[in-house]
2 protein chains.
Amino acid sequence: MAETLAPTALTLKDIAREAGVSLATVDRVLHNRPGVRPDTVRRVKDAIARNSFQPHVAAAELARGRARRFAFVMPSGPNPFMQQIEAYLGEMAAWLSARRLNVEMIATDVFEPAALAASLEALSGDYDGLAVVALDHPSVRAAINDLVDAGTKVVTLVSDVPSSRRHHYVGIDNIAAGRTAGALVGRLVGQRSGKVAIVAGSQGLRDHAERIFGFNQVMGSEFPDLSVLPVLEGRDDDGRSEQLLARLLGKHPDIVGLYNVGAGTQGVAKALNDKALNEKTSGAAGRDKQVVFVGHDVTALTRRLLLQGVMDAAISQNPGHEARAAVRVLLALARGEPILSEQEKIRIDIVMRDNLP
Amino acid sequence: MAETLAPTALTLKDIAREAGVSLATVDRVLHNRPGVRPDTVRRVKDAIARNSFQPHVAAAELARGRARRFAFVMPSGPNPFMQQIEAYLGEMAAWLSARRLNVEMIATDVFEPAALAASLEALSGDYDGLAVVALDHPSVRAAINDLVDAGTKVVTLVSDVPSSRRHHYVGIDNIAAGRTAGALVGRLVGQRSGKVAIVAGSQGLRDHAERIFGFNQVMGSEFPDLSVLPVLEGRDDDGRSEQLLARLLGKHPDIVGLYNVGAGTQGVAKALNDKALNEKTSGAAGRDKQVVFVGHDVTALTRRLLLQGVMDAAISQNPGHEARAAVRVLLALARGEPILSEQEKIRIDIVMRDNLP
DNA sequence: CATGAAATGAGTTGCGTACCTCAAAACACC
DNA sequence: GGTGTTTTGAGGTACGCAACTCATTTCATG
């Protein structure tokens, strides 16, 4: 009836006795320090495994004395997503402080490979762990690998560098996110047929390109009645996005769906609203005529648009979860603890009006 | 550029010096022990606040010595949701063990108020914290309040007892979940009009009743073209659900949407499949004729149904997150740490084929 | 001012680990 | 058998706090 899941109460001393060695030797094995014969190592590890011994994290943490230093390397400039990350770290302040963790924010030009690589190289040795919003480029990859070799724990955030030897990626699968957006647009458009527009920041950004890829995949295979128009590159800028989209909406009156891949949401919404206003004065209206609008991320703006019904769904990747997951993963890596992969996995949230967080 | 979020490195000794008292007094204040004059208490608390001092959790944990005991009180009988909770706790075994946390599972008849209340009363004093899947009933409420008064930390799981003095609720807002289901059915049905069916376990269950309430709310206010049929009570049983639904589908050929509130999914899917087969042989087919099917929870079964396209969306409440959140909340409560409410909040996940976790 | 109660100080011990030093033992090699 | 090297043992200190004891001071009250 009452099954105990974690009964351990052994200490290093018990393991030492079990293995027939001294405490010092167990310590050497536990921390991969040199000066222990291979078969002695095995004896100790066996004893540890046999008793499924877990070092007491509190004791380990206390004994090491020094605080740990982590840093988030993020894009400079006003970026709502990054501001949210910072805000969530602020909410964790007491939690961090109670564990003697120092977390800093470092702003850098993430979109300039050379600058980013240089920034990263400069941090070597200063931190126990880094969470990096990086772009996938050979020089960045090299910088990350150097950090890893120097013993720094490295986690990529939001945008991965899979070719590097980073320890972990905290973020979503962007192809799946694009597929999800495609399925939503297709299903919410319903029986209507027509054209679908895509507004992205730039197709050069890895995450945007992947989302578009996934989106087109679904549209092509499952919604043959909908034809996807060429991607508009709004550069995540409101003005530019609005202008491009307004022109497109004018040219194609039969646009029934819209996927906004990145930022520039304000401009996209403006263009859509203007179109809706025009149609209202000219007679046509109603939900049947409205353009299905799917975008990314829950911000103050997208929240408002969802509530107003302008936007139909937002694909979200919970920045709070990402911030906390990055810290937890770095901490687990630094301590040599296993990572709870299920916990740290970032899910693709579909947010509609009624499940707004 | 590099803003430090958590610089603390003070100790109790520093606080004692700051406040002009001894270590013992600080300790008394920190643990609400008697024997300190009110103004002395204030002086100490001021010093703590002024330096935003946080006791080192590792040191505190180490010093207290005793391991903590938590228990999950859950329904007996074969219940996939509860089995998942148990599985996720198993995945945390190393994490728990490293923190000297003992977590047990206690099965009880959750649907019998008297039995549940008696079980809870019997646990008093044995555990530092309890996570309880409870139903809202006066005797259960009283039992929970007694536990709280005795110093046990109590968290309700999945199903809340808001009238009790439980410390925290780990679960979703079921009315919002119902609303979300309603919005999904309505939007996915598209331009078609017709009838919508609801299959629930029982309207007597608080969570099911709340979901139905939210569902009807949205249907009534936003989808006037859809009329909701009376709720079928399938008692979470496959056979019964299938039988009831098959009869209903036969009687109303114009059913375009279906909301399955609880379990019995296998039966519901069977009834829908049979209907689809009939229509295929008789000519009509295609997505336009299919019944939109929205249900709850991601299990092996619903996952398969989503992939096959039989089911259109599942409202999910991530049992892994719930299990981990319950443990974290109990631990934070026991330690007197603040709870990261943003982190522990259970979100209403919309799961469709392309964002299956 | 005497008395007893309340408030406070001073000190100790122990939690389980990290990290260090120094000496002793085992071993390899010529 | 002697040399030098590697491996191991023994022991200590420190980390920051909880929890306790016991002595001392402060205070209110008669």
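Lettering of chains follows the sequences in order, A, B, ..., and the numbering in each one begins at 1. All values reported here derive from a predicted model rather than from experimental measurement.
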Handout entry: Nearest-angstrom distance from the residue atom CD of A/Glu61 to P of C/dC19
Key = 11 Å

Fill in the blank from the handout: For B/Ala134, the side-chain contact (heavy atoms from CB on, under 4.5 Å) test, sequence neighbours excluded, returns B/Leu116, B/Val132, B/Val140, B/Val161

Problem - Phosphate contact (C/dT8 OP1 or OP2) by B/Thr40 side-chain N/O below 4.0 Å - result: yes

Problem - Per B/Thr25 side chain, nearest of listed nucleotides C/dG9, C/dC19, D/dA18 - result: C/dG9

Exercise for the section: Measure the angle between the two terminal helix axes of the helix from C/dC1-D/dG30 to C/dC30-D/dG1, five base pairs each, and quote it to 10°. Expected result: 10°

Fill in the blank from the handout: Winner on side-chain proximity to B/Leu62, out of C/dC15, C/dC27, D/dC17, is C/dC15

Problem - Euclidean distance, atom CG of residue A/Asp39 to atom P of D/dT6 [Å, nearest integer] - result: 17 Å

Handout entry: Which residue lies more 5' along DNA chain C, comparing B/Ala59 with A/Asp27 via nearest heavy atoms
Key = B/Ala59

Problem - N or O in side chain of A/Arg33 less than 4.0 angstrom from C/dC20 OP1/OP2 - result: no

Problem - Listed nucleotide nearest any side-chain atom of B/His56, set D/dG16, D/dT8, C/dA18 - result: D/dG16

Completion exercise
Of the listed C/dT8, D/dC17, C/dT17, the closest approach to the A/Leu12 side chain comes from C/dT17

Show the atom names and distances, to 0.1 Å, of all donor-acceptor pairs under 3.5 Å that link a side chain in residues 117-125 of chain B to residues at least two apart or in another chain.
{"unit_1": "B/Ser119", "atom_1": "OG", "unit_2": "B/Thr108", "atom_2": "OG1", "d": "2.9"}
{"unit_1": "B/Ser119", "atom_1": "OG", "unit_2": "B/Ala115", "atom_2": "O", "d": "3.0"}

Completion exercise
The nucleotide from D/dA18, D/dT8, C/dA10 with an atom nearest the side chain of B/His31 is D/dA18

Exercise for the section: May I ask you to say what B/Gly65 touches in the nucleic acid, namely base, sugar-phosphate or nothing, with a heavy-atom cut-off under 4.0 Å? Expected result: nothing

Practice task
Consider the side chain of B/Arg28, meaning its heavy atoms from C-beta on, and name the nucleotide among D/dG9, D/dC17, D/dT21 that approaches it most closely.
Solution key: D/dT21

Handout entry: Side-chain donor-acceptor pair present, A/Gln343, B/Arg328, cut-off under 3.5 Å
Key = yes

Handout entry: Atom pair distance, as rounded to whole Å: CG in B/Leu30 and C1' in D/dG16
Key = 12 Å

Handout entry: Earlier contact from the 5' end, DNA chain C, for A/Thr11 and A/Ala24
Key = A/Thr11

Exercise for the section: Mind calculating the distance between CZ (B/Arg335) and P (D/dC17) to the nearest angstrom? Expected result: 14 Å

Exercise for the section: Let me know the distance between CZ of B/Arg66 and C1' of C/dG16, rounded to the nearest Å. Expected result: 17 Å

Exercise for the section: Rounded to the nearest 0.5 Å, what's the gap from CG on B/Asn102 to CZ on B/Arg99? Could you check? Expected result: 14.0 Å

Handout entry: Interatomic spacing from OG in B/Ser341 to CD in A/Glu91 - rounded to 0.5 Å
Key = 7.0 Å

Exercise for the section: Run the salt-bridge test on B/Arg42 and B/Asp39 with the 4.0 Å N-O cut-off and return the result as yes or no. Expected result: no

Handout entry: Nearest-angstrom distance from the residue atom CG of B/Leu23 to P of C/dT8
Key = 15 Å

Practice task
From the options D/dG16, D/dT8, C/dG9, select the nucleotide whose nearest atom is closest to the side chain of B/Ser22.
Solution key: C/dG9

Problem - Minimum-distance nucleotide (side-chain atoms of A/Pro55 versus C/dA10, C/dT17, D/dA18) - result: C/dT17

Practice task
Would you mind reading off the distance between B/Arg100 atom CZ and D/dA18 atom P, rounded to a whole angstrom?
Solution key: 19 Å

Handout entry: Between D/dG16 (P) and A/Arg99 (CZ): distance, integer Å
Key = 17 Å

Problem - Side-chain donor-acceptor pair present, B/Tyr88, B/Glu322, cut-off under 3.5 Å - result: no

Handout entry: NZ/NE/NH1/NH2 to OD/OE distance under 4.0 Å, B/Glu61 and B/Arg68
Key = yes

Practice task
Ignoring backbone atoms, test whether A/Arg37 places a side-chain nitrogen or oxygen under 4.0 Å from the OP1 or OP2 oxygen of D/dT8.
Solution key: yes

